[in-house]
Amino acid sequence: MQLYKKQKLKVHNSLTGKKEDFVPINEGHIGMYVCGPTVYSFVHLGNCRTFMSFDMIFRYFKHLGFKVRYVRNITDAGHLENDADEGEDKIAKKAKLEQIEPMEVVQRYTVDFHNTLQQFNLLPPSIEPTATGHIIEQIEIIKEIIENGFAYVVNGSVYFDVVKFNESHTYGKLSGRKLEDMIANTRELTAQSEKRNPQDFALWKKAEPQHIMRWPSPWGDGFPGWHLECTAMSTKYLGETFDIHGGGMDLKFPHHECEIAQSEASCGKSPVKYWLHANMLTLNGKKMSKSTGNNIYPSEIISGENNILSKPYSAAVVRFFMMQAHYTSILDLSDDALQASEKGYLRLMEALENLPKLPTSATSDFDVQAWRQKCYDAMNDDFNTPILISNLFDAVKRINLVKEGKETLSEADKNLLVDTMSAFIHDVLGIENQAHSDDNSQTLNGIVELLIGLRNEARANKDFATSDKIRDELNALGVQLKDGKDGTSFTIN
RNA sequence: GGCAUCGUGGCCGAGUGGCUAGGCACAGCUCUGCAAAAGCUUGUACAGCGGUUCGAAUCCGCUCGAUGCCUCCA
């Protein structure tokens with residue numbers, strides 16, 4: 001039997017603001033769409049958090065035995081700098097700045113994006129479509145929206161008529177906004193706008209003669225609006241209505257709101273059953289953002305080359321740090337917090353390494369079955385990774401007790417514990433053991449064992465000056481010795 | 001100004017009507033030649049003020065503060 005039939009999951013749906021029982025549209029199958037990056041610069045850590053959160057969700061679905069189609073797009077066209085009529089495409093702007101082809105910009109930052117996510121151990125999505133690869137689909141949707149009377153053509157551009165739409169539908173249901181309020185609060189700055197209403201958004205923009213990124217359409221040469229690509233690609237690969245749509249909290253309005261409007265205006269259906277939003281990562285209490293410069297790049301954390309943190313942190317530690325907070329909470333990055341996470345991470349990894357070597361007994365002091373279910377309960381409650389991790393640390397304590405001979409574990413329970421720990425840490429949380437990833441670790445271990453032997457001889461001879469020298473100098477090199485009941489063990493940092 | 005979210009012990013971070021996660025740091029103890037590691041013990045925190053309730057950090061109201069969105073952002 002598939003695990004998902006036994007483990008009942010609840011998810012927080014942004015559309016209703018409530019935790020709801022998760023029931024996929026087609027039993028055993030899940031369609032999930034997550035808004036990917038606009039590839040006009042390097043991904044910063046805040047971007048990574050969102051993708052990591054949905055990676056964890058993707059992994060848990062797979063762990064439960066669901067067949068998941070996970071679509072995450074690459075925005076390589078259509079993302080405007082601002083809403084003004086002469087607004088520039090972000091990628092085209094960058095291309096002009098660096099004096100290269102727009103597609104070179106796209107290629108460069110797409111490669112960076114993939115490399116970075118790989119470092120953080122994210123699984124690739126099932127499909128990773130690009131906006132430029134789906135121009136035809138986008139044009140088709142625009143045609144439908146025009147046909148249904150919810151869009152209008154002006155001077156080679158097409159705009160979505162929000163006011164008209166709101167007469168028969170509700171614009172703002174996801175973000176909790178009312179169109180009347182939005183209109184009342186509009187700053188009247190767009191004097192010569194070709195839009196009927198400031199709330200209207202572009203489905204298709206006319207390309208000026210010097211604009212490089214352009215495609216033919218029934219309305220002339222141009223390029224698609226940003227909100228439209230997600231509607232086109234999610235519909236194509238997941239259908240008119242699918243299970244989960246994810247993205248950063250900052251995309252809730254207007255991006256996701258517009259997606260809902262586009263779907264309802266074209267095919268008449270609400271596109272998504274469960275909307276999931278990941279919260280922001282802050283730095284110094286402020287949102288990380290490319291546009292304000294308040295950000296840190298993953299490579300800077302791993303290399304330690306930055307002015308914010310006292311030392312480098314591995315990708316696994318950063319991932320563990322992120323998983324210690326719930327994905328819907330704001331998380332603030334700081335050196336203290338990362339240091340605390342690093343220590344916890346190392347303790348967890350050490351227990352995980354010791355676990356298979358543990359002695360077994362006829363009986364167990366630890367109810368592994370009950371503990372295992374607690375881990376599932378945590379994840380079933382809207383992917384509560386902090387609670388899951390607290391449960392993992394309960395197991396760490398029991399592992400250490402068994403290691404010291406203070407508690408017992410049966411063979412069967414030990415095996416179950418090994419399986420469960422590995423499943424949650426590696427498969428679900430996606431946390432790898434990077435504590436000893438050296439290629440030379442075999443040699444290194446041998447050398448340390450040799451020194452331990454020499455030290456033990458010195459200790460037997462009560463030559464503590466020598467034994468302490470070995471221990472302290474190894475410690476200075478990052479090799480920590482631990483004298484236990486069954487001899488000396490060590491960790492390498 | 002509008003909409004939304006949030007304010008938890010030294011730090012990070014769960015919880016959301018009674019049973020008061022977890023990590024890190026600190027202190028004491030056990031173990032140890034000494035350390036380290038590990039284990040045990042200790043912290044009675046929920047912005048403020050009212051209200052509902054037998055009972056609130058958790059619900060309601062107000063005040064203060066922070067953040068996000070309202071123009072591009074994961």
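If you're wondering where the values come from, they're calculated on a predicted model, not measured in any experiment. Chain A is the first sequence line, chain B the second, and so forth, proteins listed ahead of strands; every chain is numbered from 1. All values below come from the heavy atoms of this structure, side chains included, with hydrogens, waters and symmetry mates left out.
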Sugar-phosphate only, base, or nothing, as touched by A/Lys397 at under 4.0 Å among non-hydrogen atoms: sugar-phosphate
Side-chain-base donor-acceptor pair under 3.5 Å for A/Asp472 and B/rA35: no
Closest-nucleotide ordering on RNA chain B, the 5'-leading residue of A/Asp483 and A/Ser341: A/Ser341
B/rA37 versus B/rG28 - spacing of their P atoms, nearest Å: 14 Å
For B/rG50, the Watson-Crick or wobble counterpart (both distances under 3.5 Å): B/rC60
Euclidean distance for C1', B/rA74 against B/rU52 (whole angstrom): 41 Å
Touch class at under 4.0 angstrom, heavy-atom based, for A/Asn400 against every strand present: sugar-phosphate
Sugar-phosphate, base or nothing in reach of A/Phe253, heavy atoms under 4.0 Å: sugar-phosphate
Short side-chain N/O contact to B/rG15 OP1/OP2 from A/Asn384, under 4.0 Å: yes
Whole-Å distance separating the CG atom of A/Leu331 from the P atom of B/rG23: 18 Å
Sugar-phosphate, base or nothing in reach of A/His44, heavy atoms under 4.0 Å: base
Presence of donor-acceptor pair under 3.5 Å, side chain of A/Arg49 and base of B/rA74: no
OP1 or OP2 of B/rG23 under 4.0 Å from side-chain N/O of A/Arg347: yes
Pair A/Tyr40, A/Asp76: side-chain N/O donor-acceptor within cut-off below 3.5 Å: no
Touch class at under 4.0 angstrom, heavy-atom based, for A/Ser53 against every strand present: nothing
Any strand: nucleotide that pairs with B/rU5 via Watson-Crick or wobble, under 3.5 Å: B/rA66
Touch class at under 4.0 angstrom, heavy-atom based, for A/Lys286 against every strand present: sugar-phosphate
Sugar-phosphate, base or nothing in reach of A/Thr328, heavy atoms under 4.0 Å: nothing
Any donor-acceptor N or O pair under 3.5 Å, side chains A/Ser467, A/Arg459: no
Touch class at under 4.0 angstrom, heavy-atom based, for A/Asn475 against every strand present: nothing
Sugar-phosphate, base or nothing in reach of A/Gly176, heavy atoms under 4.0 Å: sugar-phosphate
Rounded distance in Å between the P positions of B/rC31 and B/rG13: 38 Å
Identified pairing partner of B/rC19, criterion: Watson-Crick or G-U wobble below 3.5 Å: none
Short side-chain N/O contact to B/rA25 OP1/OP2 from A/Lys343, under 4.0 Å: yes
Sugar-phosphate, base or nothing in reach of A/Gly246, heavy atoms under 4.0 Å: nothing
Residues A/Glu257 and A/Ser175: side-chain donor-acceptor under 3.5 angstrom: yes
Touch class at under 4.0 angstrom, heavy-atom based, for A/Leu281 against every strand present: base
A/Tyr313 side chain to A/Asp335 side chain, donor-acceptor N/O pair below 3.5 angstrom: yes
Who pairs with B/rU30 - Watson-Crick or G-U, where each distance is under 3.5 Å: B/rA38
Touch class at under 4.0 angstrom, heavy-atom based, for A/Lys287 against every strand present: base
Phosphate OP1/OP2 of B/rG23: any A/Ser390 side-chain N/O under 4.0 Å: no
Rounded distance in Å between the P positions of B/rC3 and B/rC62: 12 Å
Ring center gap for A/His12 and A/His277 short of 6.0 angstrom: no
Distance in angstrom units between A/His256 NE2 and B/rC70 P, rounded: 13 Å
Rounded distance in Å between the P positions of B/rA56 and B/rG22: 24 Å
Pairwise C1' distance for B/rU16 and B/rC60, with rounding to whole Å: 15 Å
Nucleotide nearest A/Ile330 when distance is taken to its side chain, options B/rA36, B/rC70, B/rU67: B/rU67
Distance in angstrom units between A/Ile74 CD1 and B/rA74 C1', rounded: 13 Å
Residue met sooner reading RNA chain B from 5', once A/Pro386 and A/Met249 are mapped to nucleotides: A/Pro386
Donor-acceptor pair under 3.5 Å, A/Asp468 side chain vs B/rG33 base: yes
Donor + acceptor pair across side chains of A/Glu229, A/Thr75 (<3.5 Å): yes
Rounded P spacing from B/rC64 to B/rC26 in Å: 40 Å
Residue pair A/Asn279 / A/Ser329, side-chain donor-acceptor N/O under 3.5 Å: no
Touch class at under 4.0 angstrom, heavy-atom based, for A/Leu481 against every strand present: base
Sugar-phosphate only, base, or nothing, as touched by A/Ala278 at under 4.0 Å among non-hydrogen atoms: nothing
Polar side chain donor-acceptor pair, A/Glu353 to A/Asn433, under 3.5 angstrom: yes
Nucleotide forming a Watson-Crick or wobble pair with B/rG55, both distances under 3.5 Å: none
Aromatic ring of A/Phe51 stacked on base six-ring of B/rA74, 5.5 Å, 30°: no
